[in-house]
Asks: 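To start, I am sharing the structure in question, which I have written as structure tokens.
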Amino acid sequence: MKRIVLFLAIVSLLAGCKKEVLPEAVVLNWHTLSLYVGDSSTLEATVTPANATNPGLSWSSTQPSVATVDQEGKVTALSEGSAIIMVTTMSGAKSDACNVTVSKKAAPDPGHDDTVESVTVSPATVEVAEGLTAQLKATVAPASASQEVEWASQNNEIATVDENGLVTGVTKGTTKIYARSKANHDKQGFCEVTVTQDATLRGISFNVTEITLAIGQVYTMTVVYSPEYAANKKVNWTSGNTAVASVTSDGKVTGVSEGITTVTATSEESGFTASCNVIVSKTGGVKVYYTIYGVKVPLYVNGEPDPRTGTFEEISKYAENNPVKVMGTEGADLYSVENLMNNDGNYYNYLCKNRKPLYKVPKDGTPNYYNLAVQNGTVAVINNPTDSKQIYVYIIKPDGTTETSEIKGGFFNNSGSKTYLDWAPNGELYAVGNVKDAFEEEWLAMYKYLPGGEWEETLIAKDVTVHDFDISAEGDKYILGVNDGEKVLYKNGVLDSVIENNTEVRNINQALHVTGGHVYAAIYYFNKHQIVEYCDGKPIRTLEVPRANYIPHHSLHVTSSGDIYLVTYECIYKNDSILYTCEEDRIFNHFCVGE
């Protein structure tokens, strides 16, 4: 009997220790919705993976006076206008959105019966290979009713559908394609679509479009196959000028002499080609550093794992997940805060110069966000802990002496947003962030570091959320933020300009870099799937990006030659071209550029 009780106790314990599976995404079946006042429609949300431990959802409306939503996804139109319906997972904080437009219903045409009883999609099921198409047809009953329908895919990552019902297979899986009556949104039908794999090669590409090598340096090119599971992956390699760079049969590129050439891979099947510009210089040129979240390689430089990883005796092991907390450069030197195991067997955060640990950053609370700034070899590191409203700053000088301070100010109640640091040319240190007062009202604040470790507080504006901060070579302090949808730029604590004031377009985040007498900004627009780059307030480039391809903070860098580097979660751009892409289901996490 005791053995049975013990066995049941162990089973219960193991059941209680079941590993949590966080949601990876939530997808709505409709991303746009048009309703008449008084009408309603129910949105369907699909959480992946299907075995998520907590698939619970929370629904909300940005304009409940226009449209409300209950916790079952039912949207009810109340008045003319626009609203965004948001769905968010209870765990993992994954979300999706649907734009709702509400208008008044026009008076009915007495000669037309628009009563819709049902919508049927044929065929009811269809199988289509990746990259191929299938035509669906929607029939509205009765025949006297309006036959106009609109189409949508439950999961665009598996299959898409155009306005005429033409389905395109994207990747292996099963989803539903819906047809909904325009006259009565509650009447809809669907077809279950299964996308299969076809191992025929349909194209090749590189995950980089340009590399910079020093003479003698070797870089191994990686071919991206479409589809990834293509049966024939044989390619032939050529260099446009072997006197500048050579390439081997397995894609190893070697810098031979200064110059520019092109390396090309040509597939054996169908003759698809992919090309990469190769710049060879004596110094190696610009270095692009980045990390990829969840990948065991701590740091990449110009598309390759940094060879300095683990070369210093102080390091015995890197943290498994996200070991690099923040990076920055001064000239050719790289500064980073990295989570490393000390020789006592415990993990600590170290400030590193060119990957060599210099200073063990104090563990004041659980770090939520690090930021750093460097000037003449003196590094300032800021720490926003998750379990405290305090903000700590550590200053590490080249001679090894350090200073530690805490940003308090009049409004000590930090709102939990990120706080930024930068040095002015005269050696003064500034910090910018959002704070809350005792009445929970939010302010944009700037802090100046004073001798003795105190910080002088200046409140700039109410209800402005900071997105980035930079100081020019002339000492002007620029803050990029959002105020009720307006994308605003402050200069020396005063509103300088409104870069964009379309409050109907939902903004996710922004980035800023001031250099060469110009102010550069990048703004990501969630609803448009676009990033617009600005110079001195004027748009200079629009990048079409995949859905949910957000900009991490401090993601914009303009080099002395005028090249614009921008990182998103999925791509790193140089001007109009994509330099690097991330592995599937991974995101770029940290990024900086050194010259």
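When reading the values below, keep in mind they use all heavy atoms of this one structure, side chains included, and skip hydrogens, waters and symmetry mates. This structure is a prediction, so every number in the text was calculated from the model and none was measured.
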Asks: Answer with yes or no whether the side chains of Tyr370 and Asn349 bring together a donor and an acceptor at under 3.5 Å.
Replies: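 Present: a donor and an acceptor within the cut-off.
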Asks: Taking only residues two or more places apart in sequence, or in another chain, which ones meet Thr309 in a side-chain hydrogen bond (donor to acceptor under 3.5 Å, both in side chains)?
Replies: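 In terms of side-chain hydrogen bond (donor to acceptor under 3.5 Å, both in side chains), with neighbours along the sequence ignored, Thr309 is linked to Arg355.
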Asks: According to salt bridge (charged side-chain N to carboxylate O under 4.0 Å, His left out), who are the partners of Glu474, at least two apart in sequence or on a separate chain?
Replies: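 Applying salt bridge (charged side-chain N to carboxylate O under 4.0 Å, His left out) to Glu474 gives none.
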Asks: For Glu454, look at atom CD and say whether over 12 heavy atoms of other residues, nucleotides or ligands are found less than 6.0 Å away.
Replies: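 No, not enclosed.
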Asks: Which atoms form the tightest heavy-atom contact between Ala245 and Ser239, and what is the distance?
Replies: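 What the structure gives for the nearest pair is O-OG, 2.6 Å.
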Asks: May I ask you to check whether Asp463 and Asn483 show a side-chain donor-acceptor distance below 3.5 Å?
Replies: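 Result is no, nothing qualifies.
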Asks: Distance to the ring centre below 6.0 angstrom and angle to the axis at most 45 degrees; does that hold for Lys477 and Tyr430?
Replies: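 Judged by the rule, Lys477 and Tyr430 form a cation-pi pair.
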Asks: I'd like to know if the side chain of His590 reaches the main chain of Met327, judged simply by a donor and an acceptor atom lying under 3.5 Å from each other, with no hydrogens or angles considered.
Replies: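 No, because the side chain of His590 does not come within donor-acceptor range (under 3.5 Å) of the backbone of Met327.
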Asks: For residues 395-402, which side-chain donor-acceptor pairs fall under 3.5 Å, sequence neighbours excluded?
Replies:
| unit_1 | atom_1 | unit_2 | atom_2 | d |
| --- | --- | --- | --- | --- |
| Lys397 | NZ | Glu403 | OE2 | 3.2 |
| Asp399 | OD1 | Thr401 | N | 3.0 |
| Asp399 | OD1 | Thr401 | OG1 | 2.7 |

Asks: Any sub-3.5 Å donor-acceptor pair from Glu20's side-chain atoms to Thr53's backbone N or O?
Replies: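 Judged by distance alone, no pair lies under 3.5 Å.
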Asks: Under the ring-ring contact (aromatic ring centres under 6.0 Å, His included) test, which residues partner Tyr359, sequence neighbours left out?
Replies: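 None.
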Asks: Can a side-chain donor-acceptor contact be found between Tyr350 and Glu338 if the only test is distance below 3.5 angstrom?
Replies: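 On atom types as modelled, these side chains do not qualify, holding no pair under 3.5 Å.
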Asks: Glu330: which residues meet the salt bridge (charged side-chain N to carboxylate O under 4.0 Å, His left out) condition with it, sequence neighbours left out?
Replies: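 With neighbours one apart ignored, the set is empty.
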Asks: Among residues at least two apart in sequence or on other chains, which ones pass side-chain hydrogen bond (donor to acceptor under 3.5 Å, both in side chains) with Asp496?
Replies: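 Counting only residues at least two positions away or on another chain, Asp496 forms no side-chain hydrogen bond (donor to acceptor under 3.5 Å, both in side chains).
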Asks: Applying side-chain hydrogen bond (donor to acceptor under 3.5 Å, both in side chains), name anything that partners Asp476, two or more places apart in sequence or on another chain.
Replies: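 Testing Asp476 for side-chain hydrogen bond (donor to acceptor under 3.5 Å, both in side chains), a comparison that skips the adjacent residues, returns Asn492.
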Asks: Between Val482 and Val488, is any pair of side-chain heavy atoms under 4.5 Å apart?
Replies: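 The answer is no, as the side chains (C-beta and beyond) never meet within the 4.5 Å cut-off.
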Asks: State which residues pass salt bridge (charged side-chain N to carboxylate O under 4.0 Å, His left out) with Arg541; sequence neighbours excluded, sorted by chain then number.
Replies: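 Salt bridge (charged side-chain N to carboxylate O under 4.0 Å, His left out) check on Arg541 returns Glu533, Asp576.
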Asks: Could you give me the CA-CA distance, side-chain angles and deciding distance for Thr220 and Val253, then say whether side chain to side chain contact (heavy atoms under 4.5 Å, CB included) is met?
Replies: CA-CA 6 Å; Thr220 302; Val253 181; over 6 Å; no
Asks: State which residues pass side-chain hydrogen bond (donor to acceptor under 3.5 Å, both in side chains) with Thr88; sequence neighbours excluded, sorted by chain then number.
Replies: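 Testing Thr88 for side-chain hydrogen bond (donor to acceptor under 3.5 Å, both in side chains), a comparison that skips the adjacent residues, returns none.
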Asks: What residues, two or more places apart in sequence or in another chain, satisfy salt bridge (charged side-chain N to carboxylate O under 4.0 Å, His left out) together with Glu428?
Replies: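 Partners of Glu428 under the salt bridge (charged side-chain N to carboxylate O under 4.0 Å, His left out) test: Lys448.
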Asks: Using the side chain to side chain contact (heavy atoms under 4.5 Å, CB included) criterion, which residues pair with Ile292? Sequence neighbours excluded.
Replies: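 Expected list: Tyr290, Val295, Tyr300, Cys582, Arg586, Phe588.
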Asks: With sequence neighbours excluded, what pairs up with Tyr534 under the ring-ring contact (aromatic ring centres under 6.0 Å, His included) test?
Replies: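 Counting only residues at least two positions away or on another chain, Tyr534 forms no ring-ring contact (aromatic ring centres under 6.0 Å, His included).
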